[in-house]
Amino acid sequence: MSEPTLHSHATKTPSEPASERLVVAPAVDIFENQDGYLVLADLPGVDGDAIDVRFEEGELRLAARRDFPGEEGRLGGEFRAAEYRRVFRIPEDVDAAGIEAGFKGGVLSLRLPKSKQAKPRKIAVTAAKA
């Protein structure tokens, strides 16, 4: 099985301010077919308005925030507020203007269509009559 063509790398830089919030790289599945790429990112506990997806300089940047209600009355638990971050280097065959995002049931889906030039096409053959 070959490696996916989209490549991910860490997003934390030394200049970022320290935070009390847990920083997590979301689990991601990447699929490719002749029309494009599909990226599915698990973002449990995130509200749709707390997601930021950006494409610039050949990179797709994903950031999200999971808030947790106040600690008052909490006896214990493992669920914490968190920041989700992930960056992907995007292949040149992606049509950046056609990127679409949807969010349902804690899963962010990103559709990255391939440009028309990158898609396979059938070439018609004209046969000369003898």
Side-chain angles (χ1 to χ4, degrees):
M1 184 171 195
S2 65
E3 290 292 315
T5 4
L6 298 176
H7 300 286
S8 171
H9 57 85
T11 62
K12 186 106 174 112
T13 63
S15 62
E16 290 182 18
S19 171
E20 296 296 319
R21 212 176 266 269
L22 176 67
V23 177
V24 179
V28 172
D29 287 325
I30 301 170
F31 302 91
E32 179 184 11
N33 65 24
Q34 70 180 17
D35 295 323
Y37 304 91
L38 173 64
V39 178
L40 301 175
D42 288 334
L43 301 173
V46 171
D47 289 328
D49 60 351
I51 301 171
D52 183 38
V53 179
R54 296 174 187 264
F55 178 77
E56 53 191 352
E57 298 181 14
E59 290 183 339
L60 184 70
R61 295 182 173 273
L62 163 62
R65 184 184 71 255
R66 178 177 70 198
D67 293 319
F68 186 73
E71 298 288 322
E72 187 177 327
R74 186 174 181 190
L75 299 176
E78 297 177 349
F79 192 80
R80 294 178 47 188
E83 295 284 338
Y84 291 99
R85 295 187 196 149
R86 197 83 184 251
V87 177
F88 300 92
R89 170 74 46 201
I90 301 300
E92 292 180 15
D93 65 350
V94 168
D95 175 11
I99 296 174
E100 296 177 349
F103 185 66
K104 183 178 180 182
V107 177
L108 175 67
S109 59
L110 300 166
R111 296 190 183 281
L112 294 84
K114 290 182 180 176
S115 65
K116 290 181 182 176
Q117 294 86 353
K119 290 182 184 177
R121 64 184 185 98
K122 181 174 171 66
I123 310 297
V125 176
T126 305
K129 295 184 180 185

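Comment: E83 does not engage R65 in a salt bridge, judged by the lack of any side-chain N to carboxylate O separation of less than 4.0 angstrom.
The shortest distance between side-chain heavy atoms of L110 and F88 does not fall below 4.5 Å. Side-chain contact between F103 and V46 is present, with heavy atoms from C-beta onward closer than 4.5 Å. Between L43 and V107 there is no side-chain heavy-atom pair separated by less than 4.5 Å. L108 places a side-chain heavy atom less than 4.5 Å from the side chain of V53.
Taking CZ of R85 as the start and CZ of R61 as the end, the distance is 10.5 Å to the nearest 0.5 Å. A distance of 8.5 Å separates CD of E57 from CZ of R89, quoted to the nearest 0.5 Å. Between atom CG of residue L40 and atom CZ of residue F31 there is a gap of 5.5 Å, rounded to the nearest 0.5 Å. For the atom pair NZ (K114) and CG (D93), the distance works out to 5.5 Å, reported to the nearest 0.5 Å. The CD atom of E32 sits 11.0 Å away from the CG atom of L112 when rounded to the nearest 0.5 Å.
For the pair N33 (side chain) and D35 (backbone), a donor-acceptor distance under 3.5 Å is present.
The two residues L38 and R111 come nearest to each other via the heavy atoms CD1-NH1, 3.8 Å. In terms of heavy-atom proximity, Y84 sits nearest to P26 at CD2-CB, 3.8 Å.
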